[in-house]
Amino acid sequence: MRRAVLTAAALAGALALTGCGSGAGTGADAGRDASKAELSVSSAYMPQPVSPDMAAGFLTLTNRGGGKDALTSVSSDVAGKVTMHSTVGGAMREKTSFAIPAHGRLVFKSGANHLMFEELKRSPKQGQHVTLKLTFAESGPLTVEMPVKSATYNPSTGH
Ligand code: CU
């Protein structure tokens, strides 16, 4: 009985997420502030690192809210520190903050913005997950389970 109730609640949650942003909802949207950022994470992965002490990571942050925000720091259980880099004209540059526009996206992908996991405490292997904590200027922190893919993983082909 208890299990059935939990499943129904989980299902309702999933439906609420799917319907997010349509503005058609009443109850679920009532507590929402349209001027605030509403962040979600997708397409997160780490290519299995070839270096024993450094790894890269990629993800997409989507903001469905009407307020801007900024990613201000990243930490992980597997790394002494995680730094954020942009790539401009082939040269990468460490940044302390990345803007997330209202109704927009912040994309970290191979060859462009990326996360760098430094001082690795263990060597992540394909099939495992690493845990990330994302901290923002405005929104509360998000925890991300980032899957480790092959060293040559290409998200557009899926392998
Ligand atoms: Cu870098």
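Note that ligands are numbered from 1 as they come in the structure, with each ligand's atoms numbered from 1 the same way.
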Exercise for the section: With the Cu ion (ligand 1) at the centre, find the angle made by SD from Met92 and ND1 from His85, to 10°. Expected result: 90°

For residues 49-62, tabulate all N or O donor-acceptor pairs below 3.5 Å that involve a side-chain atom, not counting sequence neighbours.
residue : atom : partner : partner atom : Å
Ser51   : OG   : Asp53   : N            : 3.2
Ser51   : OG   : Asp53   : OD1          : 2.9
Ser51   : OG   : Met54   : N            : 3.3

Exercise for the section: Tell me whether Met116 has at least one N, O or S atom under 2.8 Å from the Cu ion (ligand 1). Expected result: yes

Using atom types as modelled, flag every donor-acceptor pair under 3.5 Å from a side chain in residues 114-122 to any protein atom, sequence neighbours excluded.
residue : atom : partner : partner atom : Å
His114  : ND1  : Ala112  : O            : 2.9
Glu118  : OE2  : Thr83   : OG1          : 2.6
Arg122  : NH1  : Gln128  : OE1          : 3.3

Practice task
Tell me, please, if Thr87 has any N/O/S atom, main chain or side chain, under 2.8 Å from the Cu ion (ligand 1)?
Solution key: no

Practice task
Treating Ile, Leu, Val, Met, Phe, Trp and Tyr as nodes and any side-chain heavy-atom pair under 4.5 angstrom as an edge, say whether Leu71 and Val82 lie in one connected cluster.
Solution key: yes

Practice task
Decide whether Asp69 and Ser139 meet the rule of one side-chain donor and one side-chain acceptor closer than 3.5 Å.
Solution key: yes

